Amino acid sequence: MASLQTSGLLFSSSSSTTSSKRINAAISVPKLPKIRFPLPRNSIKEMILRGSFSNTVPLEKNAETTTIDEPFINSTAASAKEISQLYAILETVADRAEMHKNVGEQRDNWNKLLLNSINMITLTATTMAGVAATGGAGAPLLALRLSSTLLFTAATGMLFIMNKIQPSQLAEEQRNATKLFRQLQSQIQTTLDLYDPAELDVKDAMDNLLALDKAYPLPLLGKVIEKFPAKFEPAVWWPRSHDLQTKSKRPGKNEWSEELEAEMREVIEVIKGKDTEDYMRLGNLALKINKILAISGPLLTGIAAAGSAFVGNGSWAAIVAVAAGALAATVNTFEHACQVGMVVEMYRNCAGFFSLMEESIESALEETELERREDGEMFEMKVALQLGRSLSELRELAQNSSSSRIYGIEVDEFASKLF
């Protein structure tokens, strides 16, 4: 019995000692040091814009607070103004894109409605002139002749206005404007997502917005794009005095080399000698055709109106009225159903696209300070994608251009594979 008590006391003492050791071990755990961590950049931007940012973030009551590095706070706070301004510009750009999209749909409907209405009026007047010539006299002949003359006159006036404003070309202008505003919207959004915006980014976005407003006006009267210029010119939707190379510091290496510069120069030569020249030639041809059609339509309806006024006084008057009316409907259909004005604007926009590429590459090559250029590999990739080529195809194009010039042979391919 005594041995049992003794062992029990020993067990109790051992347990107490073990428990005491465990408690001591738990209590003697060293205190964890403060841990610094950065908050996500987007969260910081949102807090700054709301004005709810503070230098400390409390974790719990009576607990240590986690601090954020002061240089990071200062640099983020310094760009808060630029962020707010870029968001304001971004909203304006999105509104412009939606506005041009709606106006483009409206003007495309104008083209369809005016085309159908004028053709119906012209064909109705032609039918009346033909019926009046087949027989009848007195009041029925006078009624048909007068109605035909009035309809031809109305068609002449409507066709003159339609050919002046070129609804199909107006619709294409708005489609191009919508695409370019959405492209600018994407560029601003990328700047906000990936970089710390600077004052130069705000100025660049504002200049591009105003240049697009100037290049693609919305009114039908006043300052509009000339539909029948004396000389075909490429579209210009970027600031001409604008330096196309960004001067803000961007993270990343600068991979420019003599080989890359030579490659870009060869690409410029191909664009100038093949793509730009071809679209300028096609644009001039389409513009001449559109001018001829725009003059011919109202002229033919006017001749038909004059001929219908003398129907009944001789067979030639009826022949002139009916033939001119039929030709007027054909010319009007060819011009506006085939949307020749839209084709002119498409060529104008394509020529402008290649002019912009030329200026972008030349601006990069003329910049002597390499650190102020866009990263070389990124620039090469952008040029290749804009031309619808892979990097290997772009380099092959530059090699072919160089070899052709050495041997005095013309390059047999265009720079762009898209259009």
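In this chain, residues are counted from 1 in sequence order. Since the structure is predicted, the reported quantities are computational estimates derived from the model, not experimental observations.
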Considering only heavy atoms from C-beta outward, does the side chain of [X] approach that of [Y] to under 4.5 Å?
| X | Y | result |
| --- | --- | --- |
| E105 | K101 | yes |
| N111 | M162 | yes |
| S355 | Y279 | no |
| F232 | Y347 | yes |
| R96 | L212 | no |
| I268 | M264 | no |
| F181 | D213 | yes |
| K382 | E374 | yes |

Quick one: which of E367, E366, E380, E261 gives a salt bridge (charged side-chain N to carboxylate O under 4.0 Å, His left out) with R373?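 It is E261; the other options fail the test.
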
How far does [atom1] of [X] sit from [atom2] of [Y], to the nearest 0.5 angstrom?
| X | Y | atom1 | atom2 | result |
| --- | --- | --- | --- | --- |
| L115 | W110 | CG | CH2 | 15.5 Å |
| W237 | L180 | CH2 | CG | 5.5 Å |
| I188 | Y87 | CD1 | OH | 11.5 Å |
| Q386 | M381 | CD | CE | 10.5 Å |
| L184 | N208 | CG | CG | 5.5 Å |
| F152 | S147 | CZ | OG | 12.0 Å |

Using every non-hydrogen atom in the two residues, find where [X] and [Y] come nearest and quote the distance to one decimal.
| X | Y | value |
| --- | --- | --- |
| G325 | T122 | O-CG2, 3.3 Å |
| N332 | L159 | OD1-CD1, 3.0 Å |
| S416 | D275 | N-OD2, 3.2 Å |
| P197 | Y195 | CD-O, 3.3 Å |
| A305 | T153 | CB-OG1, 4.0 Å |
| A415 | R389 | O-NE, 2.7 Å |

Quick one: do [X] and [Y] make a salt bridge, cutoff under 4.0 Å?
| X | Y | result |
| --- | --- | --- |
| E345 | R175 | no |
| K227 | E173 | yes |
| E393 | K417 | yes |
| R265 | E269 | no |
| E266 | R405 | yes |
| D108 | K112 | yes |

Please say whether more than 12 non-hydrogen atoms of neighbouring residues, nucleotides or ligands are located less than 6.0 Å from [atom1] in [X].
| X | atom1 | value |
| --- | --- | --- |
| E410 | CD | no |
| M99 | CE | yes |
| F228 | CZ | yes |

Verdict with supporting geometry, F160 and T301, side chain to side chain contact (heavy atoms under 4.5 Å, CB included): CA-CA 10 Å; F160 176 80; T301 51; over 6 Å; no

Quick check on side-chain hydrogen bond (donor to acceptor under 3.5 Å, both in side chains): which of N119, N116, N163 does H336 satisfy it with?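 In the set N119, N116, N163, the residue that makes a side-chain hydrogen bond (donor to acceptor under 3.5 Å, both in side chains) with H336 is N163.
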
Show, in sequence, the C-alpha distance, side-chain angles and deciding distance for I225 and R348, and conclude whether the side chain to side chain contact (heavy atoms under 4.5 Å, CB included) test is met. CA-CA 11 Å; I225 297 176; R348 201 176 74 92; 3.4 Å; yes

Go through the steps to decide whether F379 and I361 satisfy the test side chain to side chain contact (heavy atoms under 4.5 Å, CB included), and finish with yes or no. CA-CA 9 Å; F379 188 81; I361 298 174; 4.0 Å; yes

Could you walk me through whether E199 and E82 pass side chain to side chain contact (heavy atoms under 4.5 Å, CB included), step by step? CA-CA 6 Å; E199 185 178 353; E82 285 77 15; 4.2 Å; yes

Looking only at side-chain N and O atoms, does N176 offer a donor or acceptor that is under 3.5 Å from a partner on H100?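 No, no side-chain donor-acceptor pair sits under 3.5 Å.
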
